[in-house]
**Q** 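My structure is below; once you've seen it, I'll send some questions.
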Amino acid sequence: MNNLETKYNPKDVEDRIYKSWVDGNYFHAEPNPDKKPFTIVIPPPNVTGQLHMGHALDETLQDILIRYHRQKGEETLWMPGTDHAGIATQIKVEEALRNQDGTTRYDLGREKFLEKVWDWKENYGSRIISQLKKLGSSCDWERERFTMDEQYSKAVKEVFVNLYEKGLIYQGNRIINWCPCCTTALSDAEVEYEEQAGHFWHIKYMFKDSDEYVIIATTRPETLLGDTAVAVHPDDERYKHLVGKTLILPLVNREIPLIADEYVDKEFGTGCVKITPAHDPNDFEVGLRHNLEQIKVLDDDAKVNSYGGKYCGMDRYKARKAIVEDLDNLGLLVKVEEHSHNVGQCYRCGTTVEPITSKQWFVKMEPLAKDALKVVNDGEIKFVPDRFSKTYTNWMENVHDWCISRQLWWGHRIPAFYCQDCGETIVSKSDITVCPKCGGKVNQDEDVLDTWFSSALWPFATMGWPDSTKELEYFYPTNVLVTGYDIIFFWVSRMIFSGMEHMKQKPFETVLIHGLVRDSKGRKMSKSLGNGIDPLEIIDQYGADALRFTLATGNSPGNDMRFYEERVEASRNFANKIWNASRFVLMNLNDSATDILPQNLMPEDKWILSKFNDLVKKVTDNLDKFELGVAVQNLYDFIWDEFCDWYIELVKPRMGTENNPQNVLVYVLSNVLKLLHPFMPFITEEIYSYLPVTDKQALIITPWCEYKEDLIFKQDVENIEMIKSAIKAIRNIRSEMNVPPSKKAKIIIVTQKETVFKNGEAFFKKLAWADSVLVTSSKDGIEENCISLVTEGAEIFMPQGDLIDKEKEIARLTQEKVKLEGEILRVEKKLSNEGFVAKAPKAVIDAEREKGEKYKEMLDKVLEGLKNLQ
RNA sequence: GGGAGCAUAGCUCAGCUGGGAGAGCGUCUGCCUUACAAGCAGGAUGUCAUAGGUUCGAUCCCUAUUGUUCCCACCA
């Protein structure tokens, strides 16, 4: 115990401590009517994913909250698990197959391919979990869930059927976002828009049997193949007379009408718009209004199909080029403008998505959005910081129907069955093989559901829904959801309406939003940039506590943070500081040491106990407000500055004497470890195990500290602060005069508070390098050639013999004088301001008066000192 | 087009309901003071983006401006 190394080595500690927590079963929660529940469900990482900094931040924040509430004695459940992550996982496995032997999923067929994915999941699914453990995450591993577990799948089917029966899920042929690379439909949320440089092609459309024409402008000339009309605004005088006439579609030579529709903006471009109902969402609507034909000209892989005549088989960009060339040759290309516009891209693979009409399943959002908005607007669900509730409501108010079918194989297969004979569609929780209507053979829908459709159920499906379980009864609704602002739309909003719809209760009360972890230059960490920092490497090098501390520090909710190694180094140094302070305490304990406070507390003991009490309040309040960054800063300041730099130094002279401060040291250290534990669980648990505390148990379950009124000693705090300022003043002057610590000095303290400073004699010797300290209330007999220092409550004289440079001393005191005069002037100005005296709170005025008097007193002494020198 | 964030020390950032601004890193000076050089002591550097307003008093609240980042929408 006395031979701990001078450097904290996390590797000696972390795995062993983690195992002790698991063995102690401290992470496990059970419904317990005697206790208040506290629940967080983890944002399930992708099952084949690897831990990155974003996870590390997310998990750290959750673990802090979880450990805090566990120590507060609540029945604390952190529900862990993973997400099957439809597209992401399928892409990964397909890629692996391609690299392995060049096979595609089609070569294997659905069944074989899914076997491969399940194999993959078995291999890599545990990786992310073990990585979470490295961080110290105290999840209830007995309850680990996966979004494709049997029970979970039951919930997904239940929800689908339920919504279908309510008319909130429907199948329809509508414009959706199509990713030609993943060959699946995407929801609006899964498309990311990027400003790209493009062109604006102006094309002549000739009227039938006429030399007249209109000019349309387009950014996607290849869609011309699917045009079924040209539209103008009904009030547009330029074209009014032409409405109803027939145009000849260039290259295709199809006859299409010129129609009038309010959708067209007269001011934009030429005022004529080509209408391609099958490939543009606005045109689609126009097409419905005018009963236009939808001609789909692109295949699933974005190649022109047989409707495209000579362009058939060309990929969309090749076709674009060819069409522009042909139009130009025909003299139909009027001009080409540079044009920058937003291009939608698949959020998984980055391929430009193509709007395409397609038969898909949708969730009707409007009725669901209603309750989901109410619960946030009423403040039943709170976003931290609050501004994100606006982000949420804006989205929810304008939400479109949600396309939930995906043309993938990995995921929850849509529980819809189609009769081959009568064409009936049957939506059913259980698999069926024959049509209940005609007895014909049925086929199940080939598609799977959007991953987010299943993760939307996470807060209750993980607890056994649709069965009624004791877990749901006890732990639902959950307390906090911690996640990044980037998935509010994907996940948070969908959990909210799902919770409201299926549980008739909100899924959580607080949504704690954090920002992104960026690199040192503020860029997003990404694989393609290669600027990602691996949390596991950081843990390996600096320890999990240092990583956690770094991620929790200097950051406020909702804001991005920059991550660089120097910050981790600073955190590691802090861990080391704690380690060494603890070593010091442990080295100086005798067999009778405990954490029971003695009766005869010294002023400095009362000072640190008061400060510690303040800390308890601050840390607790900040944790309750989700100001984790402020809470951890409070701890840092207390430990390094107040406990190490002052308290330990102040009590060093008492070590080993009758008045040994060991119990106070043990008390403060053991208690501060409790407060620090949520942030730095490993090192705190380790050190706590060495301490002779009365409540000897694992720190992880040791009760949180309480604020104790009777451990606040106002007068002693004032006195010690006075001594501290005096010591600082002496250090300051010595440093200014380049006096090395080895050179001791005589100190005479003239004060009206003799007892206070007499009690502090030892402090001056140790911390202000004095060899003798004289405390007196009178200036009589003080030798000349003294440096005089004016500090709060005292005047300090340090005889310097011949060393004193009179001129320098006069200059210094003059400077001091000017400073004090300035302060006094400021205070007086304030106090002579009628408005201030009349309207400011009394406490502020009193404080200001007190300050003024203090300064005046000090100024008098400075002036006297100057007089003596001259 | 709509919305939001940010602008504070050389750098990265805190600053929680308005009462003369802090930390880490860096930097300068002096110290291996028997827990810690991953340390100790001391120092320097700020028109708290700009301009108005509210107030006795504004880094903080309001308005406008500038710069910057992001989100949503998608006029072809």
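The structure displayed is predicted, hence computed values, not measured ones. The chains referred to below are lettered A, B, ... by the order of the sequence lines, with proteins before strands, and numbering in each begins at 1.
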**Q** When the C1' atoms of B:C13 and B:A7 are considered, how many whole Å apart are they?
**A**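 Looking at atom C1' only, B:C13 and B:A7 are 12 Å apart.
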**Q** For atom C1', what is the distance between B:A49 and B:C71, given to the nearest Å?
**A**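 It comes out at 24 Å once rounded to the nearest Å.
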**Q** Counting any heavy atom closer than 4.0 Å, what does A:Pro841 reach on the DNA or RNA strands: base, sugar-phosphate only, or nothing?
**A**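 Contact class for A:Pro841: base.
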**Q** Would you please say whether a donor-acceptor pair under 3.5 Å links the side chains of A:Thr791 and A:Lys728?
**A**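 Side chains of A:Thr791 and A:Lys728: no pair found under 3.5 Å.
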**Q** Just call it for A:Thr219: base, sugar-phosphate, or nothing, with non-hydrogen atoms closer than 4.0 Å on any strand.
**A**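 It contacts sugar-phosphate atoms only.
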**Q** Quick one: pull up CD in A:Glu192 and CG in A:Asn342 and give me the separation to the nearest 0.5 Å.
**A**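 It comes to 12.0 Å.
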**Q** Tell me: CG of A:Asn394 to C1' of B:G3, nearest whole Å?
**A**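 Between C1' of B:G3 and CG of A:Asn394: 6 Å.
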**Q** Using the P atoms only, state how far B:U59 lies from B:C16, rounded to an integer number of Å.
**A**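 Between the two P atoms, the distance is 13 Å.
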**Q** Rounded to whole Å, please give me the gap between CZ in A:Phe388 and P in B:C72.
**A**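 One finds 13 Å between P of B:C72 and CZ of A:Phe388, rounded.
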**Q** Nearest whole Å is fine: how far is B:U33 C1' from A:Leu767 CG?
**A**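 The distance from CG of A:Leu767 to C1' of B:U33 comes to 10 Å, rounded to the nearest Å.
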**Q** Among A:Thr393, A:Thr391, A:Asp386, which residue satisfies the side chain to side chain donor-acceptor pair (under 3.5 Å) criterion with A:Ser389?
**A**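 When side chain to side chain donor-acceptor pair (under 3.5 Å) is applied between A:Ser389 and each of A:Thr393, A:Thr391, A:Asp386, only A:Asp386 qualifies.
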**Q** Going by modelled atom types, is there a donor-acceptor pair between the base of B:G42 and the side chain of A:Arg734 at under 3.5 Å?
**A**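 Absent.
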**Q** Look at the aromatic rings of A:His202 and A:Phe200 and report parallel, tilted or perpendicular, splitting at 30° and 60°.
**A**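 Plane angle over 60°, so perpendicular.
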**Q** If you round to the nearest 0.5 Å, how far is CH2 of A:Trp201 from OG1 of A:Thr219?
**A**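 Rounded to the nearest 0.5 Å, the OG1-CH2 separation comes to 8.0 Å.
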**Q** Look at all strands and tell whether A:Ala570 reaches a base, only sugar-phosphate, or nothing, counting heavy atoms closer than 4.0 Å.
**A**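 Contact class for A:Ala570: sugar-phosphate only.
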**Q** So if I apply the ring pair (Phe, Tyr, Trp, His ring centres under 6.0 Å) rule between A:Phe549 and each of A:Phe574, A:Phe682, A:Tyr542, which one comes out positive?
**A**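 So the option named by the test is A:Phe574.
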**Q** Using Watson-Crick or G-U wobble geometry with both distances under 3.5 Å, which nucleotide pairs with B:U12?
**A**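 B:U12 is paired with B:A23.
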**Q** Hey, could you give me the OG1/CG distance between A:Thr550 and A:Asp545, rounded to the nearest 0.5 Å?
**A**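 Reported value, rounded in 0.5 Å steps: 10.5 Å.
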**Q** Does B:A37 have its OP1 or OP2 closer than 4.0 Å to a side-chain nitrogen or oxygen of A:Lys577?
**A**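 Answer no for this pair, as no side-chain N or O of A:Lys577 is under 4.0 Å from OP1 or OP2.
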**Q** Say we look at B:U68 and B:C32: how far apart would their C1' atoms be, to the nearest angstrom?
**A**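 Taking atom C1' in both B:U68 and B:C32, they lie 47 Å apart.
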**Q** I need the CD-P distance between A:Glu569 and B:A38, as an integer number of Å.
**A**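 Between P of B:A38 and CD of A:Glu569: 10 Å.
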**Q** Would you mind pulling out the nucleotide paired to B:G39, Watson-Crick or G-U wobble, both distances under 3.5 Å?
**A**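 Pairing partner: B:C31.
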**Q** Would you please confirm or rule out a distance under 4.0 Å between OP1 or OP2 of B:G39 and any side-chain N or O of A:Asn573?
**A**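 For A:Asn573, the contact criterion (side-chain N or O under 4.0 Å from OP1 or OP2 of B:G39) is met.
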**Q** Taking the minimum atom-to-atom distance to the side chain of A:His341, which one of B:C56, B:A76, B:A35 wins?
**A**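 Looking only at heavy atoms from C-beta outward on A:His341, the closest nucleotide is B:A76.
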**Q** In whole angstrom, give the distance that lies between atom CD1 of A:Ile175 and atom C1' of B:C74.
**A**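 Taking CD1 of A:Ile175 and C1' of B:C74, I get 14 Å after rounding.
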**Q** RNA chain B: A:Arg572 or A:Val837, which has the more 5' nearest nucleotide?
**A**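 Result of the comparison: A:Arg572.
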**Q** Would you call A:Asp621 and A:Lys625 a salt bridge, using N to O less than 4.0 angstrom?
**A**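 Salt bridge between A:Asp621 and A:Lys625, a charged N being under 4.0 Å from a carboxylate O: no.
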**Q** Between the side chains of A:Asn377 and A:Tyr392, does any donor sit under 3.5 Å from an acceptor?
**A**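 No.
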**Q** Where along residues 635-648 of chain A does a heavy atom come under 4.0 Å from RNA chain B, residue by residue in number order?
**A**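 Here the set is A:Tyr636, A:Trp640, A:Cys644, A:Asp645, A:Ile648.
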**Q** Which of parallel (below 30°), tilted (30 to 60°) and perpendicular (above 60°) describes A:Trp579 and A:Tyr8?
**A**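 Tilted: the ring planes of A:Trp579 and A:Tyr8 meet at 30° to 60°.
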**Q** Expressed in angstrom and rounded to an integer, what is the separation of A:Leu789 atom CG from B:G42 atom C1'?
**A**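 After rounding, the reported distance stands at 14 Å.
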**Q** Tell me whether A:His339 at atom NE2 has more than 12 heavy atoms from other residues, nucleotides or ligands lying less than 6.0 Å away.
**A**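 Correct, the count exceeds 12.
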**Q** Does atom NZ (A:Lys524) have a neighbourhood of more than 12 heavy atoms from anything else shown, all under 6.0 Å?
**A**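 No, because the 6.0 Å sphere around NZ of A:Lys524 holds 12 heavy atoms or fewer from other groups.
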**Q** Rounding to an integer number of Å, can you tell me how far A:Tyr855 OH sits from B:G20 P?
**A**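 Interatomic distance, OH of A:Tyr855 to P of B:G20: 10 Å.
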**Q** Between B:A21 and B:A58, how far apart are the two C1' atoms, rounded to whole Å?
**A**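 Roughly 13 Å separates the two C1' atoms.
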**Q** Out of B:A73, B:G42, B:C56, which nucleotide sits closest to the side chain of A:Lys728?
**A**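 For the A:Lys728 side chain, the nearest candidate turns out to be B:G42.
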**Q** With a 4.5 Å limit on heavy-atom distance, are the side chains of A:Arg518 and A:Met561 in contact?
**A**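 When only atoms from C-beta onward are counted, A:Met561 and A:Arg518 do not touch, as no gap falls below 4.5 Å.
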**Q** Suppose you measure atom C1' in B:U47 against the same atom in B:A35; what distance do you get, rounded to whole Å?
**A**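 It works out to 44 Å between them.
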**Q** Need to verify one output field. Residue with the more 5' nearest nucleotide on RNA chain B, A:Ala217 or A:Val739?
**A**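 The residue closer to the strand's 5' end, by nearest nucleotide, is A:Val739.
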**Q** Is any N or O donor-acceptor pair between the side chain of A:Glu649 and the base of B:A35 shorter than 3.5 Å?
**A**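 Such a pair is found, so the answer is yes.
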**Q** With both distances under 3.5 angstrom, what nucleotide forms a Watson-Crick or G-U wobble pair with B:A44?
**A**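 No nucleotide pairs with B:A44.
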**Q** Short of 4.0 Å, heavy atom to strand atom, which residues of residues 262-271 of chain A count as contacting RNA chain B?
**A**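 Per residue number, the list reads A:Tyr263, A:Val264, A:Asp265, A:Phe268.
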**Q** What interatomic distance, in whole Å, is found between C1' of B:A44 and the corresponding atom of B:G10?
**A**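 It comes out at 12 Å once rounded to the nearest Å.
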**Q** Measure from the side-chain heavy atoms of A:Lys652 and tell me the nearest of B:A35, B:U33, B:A41.
**A**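 Of B:A35, B:U33, B:A41, B:A35 is nearest to the side chain of A:Lys652.
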**Q** Report the base-pairing partner of B:G52 (Watson-Crick or G-U wobble, both distances below 3.5 angstrom), or none.
**A**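 Pairing partner: B:C62.
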**Q** What is the nucleic acid contact for A:Asn576, judged by heavy atoms within less than 4.0 Å: base, sugar-phosphate only, or nothing?
**A**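 Base contact.
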**Q** Taking pairing as Watson-Crick or G-U wobble with both contacts under 3.5 Å, can you name the mate of B:A4, or confirm there isn't one?
**A**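 B:A4 is paired, partner B:U69.
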**Q** Between atom CG in A:Asp614 and atom C1' in B:C16, what is the gap in whole Å?
**A**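 In whole Å, B:C16 C1' and A:Asp614 CG are 16 Å from each other.
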**Q** What's the gap between B:U33 and B:C11 when it is taken at their C1' atoms, as a whole Å value?
**A**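 Their C1' atoms lie roughly 33 Å apart.
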**Q** Strictly under 3.5 Å: I want the nitrogen or oxygen pairs between protein and nucleotides 5-14 of chain B, one per line.
**A**
| from | atom 1 | to | atom 2 | distance (Å) |
| --- | --- | --- | --- | --- |
| B:U12 | O4' | A:Tyr564 | OH | 3.4 |
| B:U12 | O3' | A:Arg562 | NE | 3.2 |
| B:U12 | O2' | A:Tyr564 | OH | 3.3 |
| B:C13 | OP1 | A:Arg562 | NE | 2.7 |
| B:C13 | O2' | A:Gly554 | O | 2.8 |
| B:A14 | OP1 | A:Asn559 | ND2 | 3.4 |

**Q** Please assess A:Glu190 against A:Asn177 for the test side chain to side chain donor-acceptor pair (under 3.5 Å), listing each intermediate value before the final yes or no.
**A** CA-CA 9 Å; A:Glu190 287 168 314; A:Asn177 307 291; over 6 Å; no
**Q** Do A:Asp637 and A:Gln633 pair up side chain to side chain, a donor and an acceptor below 3.5 Å, judged on atom types alone?
**A**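 There is such a pair (donor and acceptor under 3.5 Å, judged by atom type) between the side chains of A:Asp637 and A:Gln633.
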**Q** Below 3.5 Å, does any donor atom in the side chain of A:Asn342 face an acceptor in the base of B:C74, or the other way round?
**A**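 Per atom types, the contact qualifies.
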